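This report concerns only the one structure given below.
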Protein chains: 2
Amino acid sequence: MNGKIFIIEDEPSIIQLVQHNLEKEGFLVASSTNGNDGLKDLKKFEPNLLLLDWMLPDLSGIDICKNIRNNSSHKNLPIIMLTAKGEEEDKIKGLDSGVDDYLTKPFSFNELLARIKAVLRRYDPKVVSNSLEFEDLKLNRFEKRVFRKNIEIQLGPTEFRLLEFFLSNPKRVYSRDQILENVWPNNINVESRTIDVHIRRLRKSINIDKTKELIRTVRSSGYSLI
Amino acid sequence: MNGKIFIIEDEPSIIQLVQHNLEKEGFLVASSTNGNDGLKDLKKFEPNLLLLDWMLPDLSGIDICKNIRNNSSHKNLPIIMLTAKGEEEDKIKGLDSGVDDYLTKPFSFNELLARIKAVLRRYDPKVVSNSLEFEDLKLNRFEKRVFRKNIEIQLGPTEFRLLEFFLSNPKRVYSRDQILENVWPNNINVESRTIDVHIRRLRKSINIDKTKELIRTVRSSGYSLI
DNA sequence: TTAATTTGTAATAAATCTGTAACAAATTAA
DNA sequence: TTAATTTGTTACAGATTTATTACAAATTAA
């Protein structure tokens, strides 16, 4: 796990507990004890998910939620709402709150973790798993290492991102345009033929001693991980 | 899913949210925030479905709807109307509006997706599913693979598109003109006899070891998938 | 700074696909 | 039956797409 989670919650004891356990799980965690600061810090932190308390000293959870959905650059940020029992559960359950899931206090950490993973899996599958595997190929995001048959392979940064992208959806064919969009930084223009060269480099690196070819060329369509 | 969806909606936040999620589902999405631009861009984009806001700054959704149904070359474009609560729901429900379905804001993305799929399944089934099957033949769009009796078959790009087209409507006979129009890129002119050659090539590829012929010749009419 | 690595592009080679023409075979009409 | 029409089959040249290589510019590390 290598996602970033932001917590807005006014009870320090809850923050402590949750933060500590999430960090043990490999998440990067930041938090705020009130809504206004939270909204500010959120933007800097760029989390993959927000844990949001329903009752805060300044803004209500629902206000923050609306604010995020409407104004900020985090329109699609997954949000899990934390509520005390009886706190208008029904309203939150409603589809219109813009919340992805909610949890009633007191909750167990494992319960929370399960919800977090479920939501992230839906939104942002790559965040949930730190290690991507396909056949005898292994890629570790944390450590930025790649192995084939347990033998470590050295890749350049672009080759690494390219392989990471293919591993996020093995077997699916991607056009050069799709590859460009997902692997290269935004607003950068490179010749579409350049991809061929990077594919060649990646192939050369991952096909060690007589292992089979893992990248398939699909003429007039693109490439896929077998 | 690989259809194209066009959105005409004046609230950028809704466009963002919907577009992002639809793209994650595999749709190609374009949008416009007003009616007049929308009508123009629509023609270039050639979508498989239109999401249309009921209240727009310039034209009303109903105007756009009428315009599409009467004047344009997209007479049969499926349309899903988005309305705010209370916005003359009854009028929209009426059959005469020319809308295929409608959704009241606020709505959840999953609800929207379900409606989209339902409408597309009705209109344009091939857009909705990645995998087309007929008897012992299987074609996967994402992976660009074809199997007969679970044995993979290699096809050239044109043969693949040709088979994809036949699979979208098995048993239906298509004339050479129809095949040309649907399988070849627009504005390309090829001899109609060329199709015979491609049919021959496709037949050769998919009829592996004594499996039965799957492409039927209908003399003076065209071809069909049995 | 210098050295090493990485990156994008262009050029050329190799592989594969495409459209057409020509003739054969099958079917229909006269 | 023969002639006319339609489809099947083949081969091939040209077109398109991808692979590979080399190199200079850019970036990063030492």
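Please read all numbers here as calculations on a predicted model, not as lab measurements. Just so it is clear: chains get the letters A, B, ... in the order the sequence lines come, proteins before strands, and each one is counted from 1.
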Contact under 4.0 Å: A/Arg193 side-chain N or O vs C/dA11 OP1/OP2: no

Touch class at under 4.0 angstrom, heavy-atom based, for A/Ser220 against every strand present: sugar-phosphate

Under 4.0 angstrom between B/Trp184 side-chain N/O and C/dT18 OP1 or OP2: no

Atom-pair distance (CD1 on B/Ile195; C1' on D/dT7), nearest Å: 13 Å

Centroid separation B/Phe166 to B/Phe134 less than 6.0 Å: no

Passing candidate, side-chain contact (heavy atoms from CB on, under 4.5 Å) with B/Leu77, options B/Leu50, B/Leu52, B/Asn48: B/Leu50

Residue B/Pro157, side-chain atoms from C-beta onward, closest of C/dG8, C/dT18, D/dT18: C/dT18

Separation of D/dA19 P from A/Arg176 CZ (nearest whole Å): 7 Å

Whole-Å gap separating P (D/dT17) and NZ (B/Lys144): 14 Å

Short side-chain N/O contact from B/Thr217 to OP1 or OP2 of D/dG8, under 4.0 Å: yes

Gap between atoms NE2 and P, on B/His198 and C/dA21 respectively (whole Å): 14 Å

Proximal nucleotide (of C/dG8, C/dT7, D/dT18) relative to the A/Val190 side chain: C/dG8

Atom-to-atom span, CD of B/Gln154 to P of C/dA15 - whole angstrom: 17 Å

Sugar-phosphate only, base, or nothing, as touched by B/Arg203 at under 4.0 Å among non-hydrogen atoms: sugar-phosphate

Within 6.0 Å of CD in A/Gln16, more than 12 heavy atoms from elsewhere: no

Short side-chain N/O contact from B/Tyr223 to OP1 or OP2 of D/dT6, under 4.0 Å: no

Watson-Crick/G-U partner (both atom distances under 3.5 Å) of C/dT7: D/dA24

Rounded distance in Å - CD1 (A/Ile199) to P (C/dA15): 19 Å

A/Ile188 CD1 to C/dT9 P, straight-line distance once rounded to whole Å: 10 Å

d(CD1, A/Ile215; P, D/dA19) in whole Å: 10 Å

Distance below 4.0 Å between B/Thr158 side-chain N/O and C/dC17 OP1 or OP2: no

Short N-O contact, B/Arg203 and B/Glu213, less than 4.0 angstrom: yes

B/Arg219 side chain, from C-beta outward: closest of C/dT27, D/dG8, C/dA10: C/dT27

5' precedence on DNA chain D between B/Arg201 and B/Asp196 (nearest-nucleotide basis): B/Asp196

Residues A/Arg148 and A/Asp136 bridged, charged N to O under 4.0 Å: yes

